[in-house]
Student: 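Provided herewith is a single structure, encoded as structure tokens, for subsequent inquiry.
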Amino acid sequence: MEQTRFDIQFSALRSAIIEREFSELNDRQREAVFHTEGPLLVLAGAGSGKTTVLIHRIINILRFGRGYSCPYAPDDATEEDLLFLREYLRTPTEKNRLRAETLCAVEPARPWQILAITFTNKAAKEIQSRLQRALGEDFARDIWASTFHSMCMRILRRECEAIGYDRSFTIYDTDDQKRVLTAVIKGRRLDDKVFDVRTVAAAIGRAKDNLMTPRMLLQEAQDRYYETTIAEIYKEYARQLRESNAMDFDDLIMKTVQLFQGNPEILERYQRQFHYVLADEYQDTNHAQYVLTSLLAGGYENICVVGDDDQSIYKFRGATITNILEFEQQYPNAVTIRLEQNYRSTQNILSAANELIRNNANRKGKELWTDNGDGTKIRFHRSDTQEGEAEYIAQSILEGFAEGNRWSDYAILYRNHVLSNALESAFKRNSVPYRIVSGLRFFDRAEVRDMLAYLWVILNPADDLRLRRIINVPARKIGNKTVETVADLASRGNTTMFDIISRAGEYDELGRAAAALKKFALMIDDLQKMLEYLPLDEFYEQVMEHTGYLAALEAKGEAEQARIENTMELKSNIAEYAQREENPTLAGFMEEVSLFTDIDRMDADADAVVMMTMHSAKGLEFPNVFLIGMEDGIFPSFRSTENEEDLEEERRLCYVAVTRAKKQLYLTCAERRMMYGRTQYSKPSRFLEEIPEKFVDSNISETQRERQQRLDMRPSAGHQTKRAFEISGGFRKKQTTAKPKIAAMDLKPGDQVDHKAFGHGMITSCMPMGGDILLEITFDQVGTKRLMAKSAMKFMVKK
DNA sequence: AATCCGGTTCTTTTT
DNA sequence: GAACCGGATT
């Protein structure tokens with residue numbers, strides 16, 4: 001169709017008006033927002049406003065459809081409309097807004113036609129809530145903004161009968177999964193050293209990530225004993241899950257793919273529904289997720305994937321960077337947009353990151369820049385021991401705090417959790433408040449699992465797996481032997497364990513245990529009745545009491561206080577759910593909870609230094625960041641120094657870590673470090689060599705450097721740029737650990753002091769301790785703190 | 001059924 | 001060095 005003069009004028013006006021709506025974005029970002037039709041790859045560097053683009057793109061699609069790039073005027077548009085738009089462009093008024101937007105919109109999408117997939121609940125929630133704010137709650141609620149897993153759950157709840165599942169299927173988490181696997185391995189009388197549950201679970205998980213059925217795995221095993229056995233375990237495991245009408249996390253994805261592949265008419269329905277598909281963090285997708293996304297987008301092929309190949313750090317859990325690297329091959333008509341302007345960090349930090357990641361061969365290539373200015377140099381500090389490293393960090397933070405920073409302005413990132421130990425004691429010693437984002441998450445804690453298991457059993461007494469978990473927790477004199485007898489009777493009678501338990505008296509085999517069993521069954525019955533008339537949170541309290549769980553924890557005293565708190569935490573989760581939901585049910589809560597793993601309320605309001613692994617830091621930002629344990633063998637981990645591919649993943653992790661810092665980045669390492677019970681001597685991380693010296697201030701002294709050079713056999717002459725920790729003469733010599741010539745010895749209880757960070761206080765006790773003095777000081781503002789005199793004196797004067 | 005002892009293991013993690 | 005598991009002991 002030929003464009004008329006009218007079309008040209010109209011569409012130009014329309015584009016201009018739409019463009020103005022997104023004026024707060026930069027050119028690249030806008031390009032991504034306006035490219036609505038066809039495949040789009042957005043390579044979004046760290047801190048480049050990725051989520052903002054994703055959200056505005058959805059807003060654009062919902063408000064204007066493909067209005068921005070449509071070259072034609074609407075059929076019924078008049079000269080008067082044209083004049084109206086011209087006027088609206090000149091002076092937009094609220095009164096004219098509705099008509100203008102109607103004129104500018106070309107086939108705007110309905111909310112349920114948009115699918116935005118993320119990896120974490122946190123990300124899904126953020127997208128959902130930002131869209132609700134921009135578009136109104138009711139409207140935005142219908143957008144499919146969810147994680148891969150909850151999307152699959154939603155689809156499967158509706159369609160799973162087509163693949164032979166009952167709609168009420170349950171989700172087995174990693175823990176449930178391991179229990180089943182342990183039973184399978186035991187049942188086959190296999191050596192559980194050779195077939196270690198974790199390894200087997202990982203193998204099965206990887207198979208599912210790659211959409212491989214037990215049969216396919218068996219075929220691939222080609223008669224090799226080990227592989228064949230794994231495939232057989234997989235087969236048995238899958239059989240048991242199906243029998244229990246259960247799926248594990250990986251099943252959610254794989255079964256959805258199988259559902260679609262086996263039922264084209266169902267697939268087509270979803271393909272017709274989703275006009276626009278967006279996938280976030282695409283570099284983290286595994287093969288199954290890739291196939292699923294491709295299937296769902298297969299109708300309109302309006303697929304937009306957002307990600308950063310340089311931030312792919314989850315290969316170990318099945319992510320294939322290939323998905324993003326080969327997107328353009330998959331869709332030859334794909335458009336690629338790079339977001340390289342960074343709004344987070346200083347140029348020094350970004351340049352360091354750019355130089356570092358440049359050493360990776362397998363990447364698309366990007367160069368981050370900012371107009372935030374150069375900022376201060378990165379600080380590099382090498383200590384002799386891990387204690388020295390920890391002390392340096394504590395002191396740096398105390399100094400910063402004294403200058404007015406908040407504790408929460410600081411984050412400490414490390415390659416693995418063990419590295420946090422020395423730091424913890426240094427922080428305790430110096431009264432630096434801290435918070436560790438731990439490896440063990442809320443829903444992995446035994447007490448939380450126990451309470452959830454109770455709820456599962458109350459909801460569905462046929463759930464043998466969860467029943468086994470709690471039947472004797474707290475102790476009810478129902479031993480292992482009894483449980484096995486019950487299980488035996490159940491399988492022979494082709495019924496559930498709970499059924500046997502309720503009729504325990506009828507079985508002689510159960511002997512004296514029958515009474516305890518009956519009592520247990522009655523308790524569950526009672527709780528089921530309570531569920532019918534009590535509000536959910538009160539009901540939960542009844543479960544805690546009625547089962548004796550709370551009492552058992554309380555009986556253990558002080559030590560179990562944290563566990564009690566955790567079970568209470570679960571209660572507040574239930575209360576929160578009950579309040580939010582119009583029609584709250586236990587089943588509804590359990591459904592939600594089975595996909596809700598991380599405690600994504602990382603309460604930002606707590607003012608404390610935060611410590612976490614570099615992996616968990618992805619997506620976060622902090623004004624000041626310490627990367628600790630920057631030593632070869634630790635980071636990069638010795639496991640990954642063998643092959644280039646693994647090393648590149650480590651380098652990406654380093655890139656992720658470096659780009660978390662907004663203002664100041666610190667890199668620290670120690671010459672020797674106690675790890676796993678032995679002292680390890682290490683060289684500074686090879687990644688440090690890759691950061692040009694001009695971005696770094698280092699503490700390495702002349703003598704240290706000379707020694708380093710003698711020790712370091714790596715040829716350095718070949719390097720084109722001088723590197724941060726090599727001899728250059730350019731480094732200032734800095735006295736880092738001040739020799740504490742303390743006048744501290746004459747401090748005594750009753751003395752008044754002024755502390756730079758904590759203000760005025762009075763010493764309440766002095767205890768000699770390892771060549772130093774432990775002071776207890778009651779401060780007017782911040783309460784009582786315990787400080788070591790040596791370091792405290794640097795921040796404190798006696799009055 | 002609870003507790004103690006010795007042996008073993010020790011990247012990274014979301015759903 | 002610490003945490004966790006399984007077997008033996010009480």
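A note on names: the letters A, B, ... follow the listed sequences, proteins ahead of strands, and every chain is numbered from 1. Only a predicted model underlies this, so the values are computations on that prediction, with no experimental measurement involved.
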Student: Could you tell me how far apart A:D191 (CG) and C:dG6 (P) are, to the nearest whole angstrom?
Tutor: 13 Å
Student: When you check the gap from the basic side-chain N to the acidic O, do A:D173 and A:R449 get nearer than 4.0 Å?
Tutor: yes
Student: How many whole angstroms separate atom CE of A:M614 from atom P of B:dT13?
Tutor: 12 Å
Student: Contact list please: residues 167-183 of chain A against DNA chain B, heavy atoms, distance less than 4.0 Å, in numerical order.
Tutor: A:T174
Student: Which residues satisfy the side chain to side chain donor-acceptor pair (under 3.5 Å) test with A:E509, sequence neighbours excluded?
Tutor: none
Student: Going by the rule side chain to side chain donor-acceptor pair (under 3.5 Å), which residues pair with A:T147 if we only count those two or more places apart in sequence or in a different chain?
Tutor: A:S150
Student: Which residues pass the side-chain contact (heavy atoms from CB on, under 4.5 Å) test with A:N286, sequence neighbours left out?
Tutor: A:D209, A:A288, A:Q289
Student: Can you tell me how the ring of A:Y165 sits relative to the ring of A:F169, calling it parallel under 30°, perpendicular over 60° and tilted otherwise?
Tutor: perpendicular
Student: Could you tell me whether A:M674 contacts a base, only the sugar-phosphate backbone, or nothing, with contacts defined as non-hydrogen atoms closer than 4.0 Å?
Tutor: sugar-phosphate
Student: Take the protein atom CD1 of A:I436 and the nucleotide atom P of B:dT13, then report the distance between them rounded to whole Å.
Tutor: 13 Å
Student: How is A:Y314 classified with respect to the nucleic acid when contacts are heavy atoms under 4.0 Å: base, sugar-phosphate, or nothing?
Tutor: sugar-phosphate
Student: At a heavy-atom distance below 4.0 Å, what parts of residues 282-291 of chain A sit against DNA chain B?
Tutor: none
Student: Filter on salt bridge (Lys or Arg N to Asp or Glu O under 4.0 Å), then keep only pairs touching residues 307-324 of chain A, sequence neighbours left out; what's left?
Tutor: A:D308-A:K366, A:D310-A:R363, A:D310-A:K366, A:K315-A:E645, A:K315-A:D646
Student: Taking only residues two or more places apart in sequence, or in another chain, which ones meet A:K255 in a salt bridge (charged side-chain N to carboxylate O under 4.0 Å, His left out)?
Tutor: none
Student: Is the A:Y226-A:F195 ring centre distance short of 6.0 angstrom?
Tutor: yes
Student: When you check the glycosidic angle of B:dT11, does it come out syn, meaning within 90° of 0, or anti?
Tutor: syn
Student: What is the distance, to the nearest angstrom, from the CZ atom on A:R317 to the P atom on B:dT14?
Tutor: 7 Å
Student: Whole-Å distance between B:dT14 C1' and A:D209 CG?
Tutor: 12 Å
Student: For A:K122, is there an ion pair with A:E126 - N to carboxylate O distance below 4.0 angstrom?
Tutor: no
Student: Do A:E281 and A:K50 sit within salt-bridge range, that is, some charged N less than 4.0 Å from a carboxylate O?
Tutor: yes
Student: With A:Y549, which residues qualify under side chain to side chain donor-acceptor pair (under 3.5 Å), at least two apart?
Tutor: A:D450
Student: Are A:N121 and B:dT14 close enough that a side-chain N or O sits under 4.0 Å from OP1 or OP2?
Tutor: no
Student: Between the protein and nucleotides 1-4 of chain B, list every N/O to N/O distance that falls short of 3.5 Å.
Tutor:
from  : atom 1 : to     : atom 2 : distance (Å)
B:dA1 : OP1    : A:G479 : N      : 3.4
B:dA1 : OP2    : A:G479 : N      : 3.4

Student: Rounded to whole angstroms, how far apart are CD on A:Q311 and C1' on B:dT14?
Tutor: 17 Å
Student: Does a side-chain N or O of A:T147 approach OP1 or OP2 of B:dT14 to a distance below 4.0 Å, or not?
Tutor: no
Student: Enumerate all atom pairs, one protein N or O and one N or O from nucleotides 8-11 of chain B, separated by less than 3.5 Å.
Tutor:
from   : atom 1 : to     : atom 2 : distance (Å)
B:dT11 : OP1    : A:R639 : NH1    : 3.2
B:dT11 : OP1    : A:R639 : NH2    : 2.1
B:dT11 : OP2    : A:R639 : NH2    : 2.6
B:dT11 : O5'    : A:R639 : NH2    : 3.3

Student: By side-chain contact (heavy atoms from CB on, under 4.5 Å), which residues pair with A:T613, not counting sequence neighbours?
Tutor: A:Y414, A:H417, A:H615, A:S616
Student: Rounded to whole angstroms, how far apart are CD1 on A:I117 and C1' on B:dT15?
Tutor: 14 Å
Student: Determine, for A:K178 against A:D175, whether the closest basic-nitrogen to carboxylate-oxygen distance falls under 4.0 angstrom.
Tutor: no
Student: I'd like to check the side chain to side chain donor-acceptor pair (under 3.5 Å) partners of A:N416; sequence neighbours left out, ordered by chain and number.
Tutor: none
